[in-house]
Every structure is written in C-alpha cells, then in structure tokens.
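This report concerns only the one structure given below.
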Amino acid sequence: MSVHIAAKKGEIAKTVLQPGDPLRAKYIADNFLNEVKLVSQTRNIFYFTGIYKGKEISVGASGMGIPSIGIYSFELFTEYEVDTIIRIGTCGAYTSDLKLFDLLNVENSASESTYAKHAWGIEGELIKNQGNAFGLINETAKALSLDIQPTNIHTSDIFYRKEEGIPAIATKYNCSAVEMEAFALFANAQYLGKNAATILTVSDIIPTREQISADQREKALKPMIELALETALQF
Ligand code: HPA
C-alpha cells in the first residue's frame, strides 16, 4: 500500500498501462485482460491486474495533469517495483497535417513546467522517453501494420487559455501536439532509471476545432490499446 494506491505489494505487475481516465482503465481490464483483479480504488483511480496472452499486466489511471501522473507513476515505480509505464492518452494536434485518430509515439516532451527541476534537479525544457519502450512500440506497430509517428509533444499545464495560436515552447521544439502528462512521467523515469513511453491518439485538431465525438472515443482508442498491450508482452 502506498499513499495513493491501496494495492498490496506484489499485486501490481512490472509493466503498467496508464490511461488518464479511470473508466478507460476499467474498459481495458474488462475487454482485454483475463483473470482481472481490482487492486486499488483509492479516490476512484482504479488499478487492475490481469493476464494478457499469458503475461501479467496492470492497468490504472494517471488522472489529469503533471501533478497527478507525477504522484501515481512515482508510487508505482518506487513502492511496487514497476519497471515500465506506458502512458496511453489523447492529445490535441497543433497542425492540420495530423488527422483525428492518428497515433503518435512521443520521442521528447517539452514543457514550461518546473516539475522536473524542483523534483529531481533535472534542468531544461525537454525530456526524452526513457529506456527501450519507445523503440519496442515502433517495432510492434510495424509488426501490426499500424501507422505511428514519432514526434515531440508539448506537455502543458493549461487546457483553457486566452490566447489562440501555438505556444512558443511548442514552436521552439517542433511539437506537433499537446497533452498534459508525459513530461512528469519521463522525469520520474529518468530520475529512477525506469522505462517510460507515451502513445497518444489525436482526439482534437486545434486549428480547425475538429474533435472525436464521445461515442467515437471508445472505438478510436482500440488500436492504441492493442499496440500498448502487444508491446507490453515484450518486457
Ligand atoms: N490540450 C491538452 N491536452 C489535450 C488536448 C488539448 O487540446 N486534447 C487532448 N488532450
């Protein structure tokens, strides 16, 4: 049991898939895993452990934003000896070169956040994915004939803002899209020497205001979930 996760030691697998939304975690557990056990529901942030094609995998939510994923990923890595976290989330595209449902594999996260500096003394605005998960995701996507684009993304603390247009940091680091968590996940993994990757499905095109509708979301996320699960088999 950690401060924010009720699972006992040993009840969480070495590889964790981490969507933002607790109900997404439940959807994955219900539809993709066998022998599922709910191992934590503290704050309704559900964690499940089950079997996928013979391998034990856990799936649980990060919540939204850097502070939330900072807490959950740190406790998973340090209290439950998790080796690999694959975040599976959605993002808003800054460019209409990307299309709804496109899959992105995050190479680097750029952020204005001071999380990495104040938590771990990691300087700079750009943090790379950690370990071999990023490469395995690309290889697995190829084997599954799924298109996935490696890219830099902007991890922002801000969802609603006054100014329209692309924030300066996103332009500076050539970020094709924005989400709110990868920077803290990568910072924790870098500090702790763990594996961390982020796969994103484009759910919004910011310049044109196109969006995946609520009822399209479940179907839209299936390729990303399958890609993450098939990658997890290789750890
Ligand atoms: N901003 C930040 N995070 C997001 C967005 C967005 O527009 N869309 C999906 N996740």
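Whatever order the structure lists them in is the order used to number ligands and atoms, beginning at 1. Computed from a predicted model, the values in this text were never measured in an experiment.
At least one heavy atom of C91 sits closer than 4.0 Å to an atom of ligand 1.
For ligand 1, the atoms lying closer than 4.0 Å to a non-hydrogen atom of I206 are 7 (O).
In summary, the side chains of T155 and S109 do present a donor paired with an acceptor at a separation below 3.5 Å, with no hydrogens or angles considered. Residues Q18 and S73 have side chains that never bring a donor and an acceptor to within less than 3.5 angstrom of each other. In this structure, a donor-acceptor pair under 3.5 Å is absent between the side chains of E107 and N152. Between the side chains of E79 and S2, not a single donor N or O lies within less than 3.5 Å of an accepting N or O.
Sorted by first then second residue, the salt bridge (Lys or Arg N to Asp or Glu O under 4.0 Å) pairs that include residues 143-167, not counting sequence neighbours, are E164-R209.
At a heavy-atom distance under 4.0 Å, only side-chain atoms of D204, from C-beta outward, approach ligand 1.
Scanning the protein heavy atoms around atom 6 (C) of ligand 1, the nearest turns out to be F159 CE1, 3.6 Å. Looking only at protein heavy atoms, the nearest one to atom 4 (C) of ligand 1 is V178 O, 3.7 Å.
The option from T90, T201, V202 that lies nearest to atom 10 (N) of ligand 1, judged by heavy atoms, is T90. Closest heavy-atom approach to atom 5 (C) of ligand 1 among the candidates S203, G92, S156: G92.
In this structure, Y115 and W120 have perpendicular ring planes: the angle between them is above 60°, well past the 30° mark.
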